[in-house]
J.: 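Here it is: the structure, laid out below.
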Amino acid sequence: STYVGEWSELSPSPKIKSGQGTFKSGPESYTGTWENDMMNGQGAQTFATGATYTGSFENNLYSGEGEERRGGRIIYDQGPEHKTTHHAHN
């Protein structure tokens, strides 16, 4: 897996993803905001199946507004007040 982006300057080792960046692991990826080494804020995630999620994340979970698509169909579409236990993959 690879990460290209910003790191926390507060932690010398191990490095902690913080700020904007892209994480890729095989065919899966996430591009967006990181905080404390987790997906936090706005981002876009692509899964090995070709499904995509674009929206808000909180501690690696979908949180607030977002949309997940599989095979061209929307399967998750929530407004800003919604939080879910659906785990984003990282």
Side-chain angles (χ1 to χ4, degrees):
S1 60
T2 61
Y3 174 74
V4 176
E6 299 172 311
W7 300 94
S8 172
E9 294 179 19
L10 301 176
S11 116
S13 183
K15 288 185 173 182
I16 294 176
K17 296 181 228 35
S18 184
Q20 295 297 308
T22 298
F23 176 83
K24 291 184 180 184
S25 181
E28 298 192 342
S29 66
Y30 169 79
T31 297
T33 306
W34 295 86
E35 184 180 328
N36 295 321
D37 222 32
M38 291 189 274
M39 296 178 282
N40 275 293
Q42 294 297 306
Q45 188 171 27
T46 301
F47 302 95
T49 62
T52 61
Y53 173 79
T54 303
S56 296
F57 292 83
E58 184 177 339
N59 298 327
N60 287 344
L61 299 176
Y62 299 171
S63 177
E65 291 189 73
E67 179 180 280
E68 184 174 348
R69 291 180 172 264
R70 290 186 195 162
R73 289 189 358 247
I74 297 172
I75 61 151
Y76 173 89
D77 187 9
Q78 294 297 323
E81 299 304 315
H82 183 77
K83 289 193 179 190
T84 182
T85 57
H86 183 90
H87 287 269
H89 307 282
N90 178 1

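For reference, positions follow the sequence shown, starting with 1. Worth saying up front: this structure is predicted, and the values here are computed from it rather than measured.
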J.: For Thr46, what residues pass the side-chain hydrogen bond (donor to acceptor under 3.5 Å, both in side chains) criterion, not counting sequence neighbours?
T.: none
J.: Under the 6.0 Å and 45° cation-pi test, does Lys17 pair with Tyr3?
T.: yes
J.: Are the side chains of Tyr53 and Arg70 in touch, meaning some heavy atoms are under 4.5 Å apart?
T.: no
J.: Report yes if the side chains of Thr33 and Met39 come closer than 4.5 Å at any heavy-atom pair, otherwise no.
T.: no
J.: So, taking the atom named OG in Ser18 and the one named CG in Asp37, what distance separates them when rounded to the nearest 0.5 Å?
T.: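 Between Ser18 OG and Asp37 CG, I get 9.0 Å after rounding to 0.5 Å.
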J.: Is the ring centre of Phe57 less than 6.0 Å from the ring centre of Tyr30?
T.: yes
J.: Are any of the side-chain heavy atoms of Asn59 and Met38 separated by less than 4.5 Å?
T.: yes
J.: Side chains of Gln42 and Ser56 only: does a donor on one sit below 3.5 Å from an acceptor on the other?
T.: yes
J.: Would you call the rings of Trp34 and Phe23 parallel, tilted or perpendicular, where under 30° means parallel and over 60° means perpendicular?
T.: perpendicular
J.: For Ile74 and Glu67, which heavy atoms make the closest approach, and how far apart are they?
T.: CD1-OE1, 3.4 Å
J.: Is the closest side-chain donor-acceptor distance between Gln45 and Ser29 under 3.5 Å?
T.: no
J.: Going by distance alone, is a donor N or O of one side chain under 3.5 Å from an acceptor N or O of the other, for Ser25 and Ser1?
T.: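 Checked: Ser25/Ser1 side chains show no N/O donor-acceptor pair below 3.5 Å.
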J.: Rounded at 0.5 Å granularity, tell me how far CD in Glu35 sits from CD in Glu58.
T.: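 Spacing of CD (Glu35) from CD (Glu58) equals 9.5 Å.
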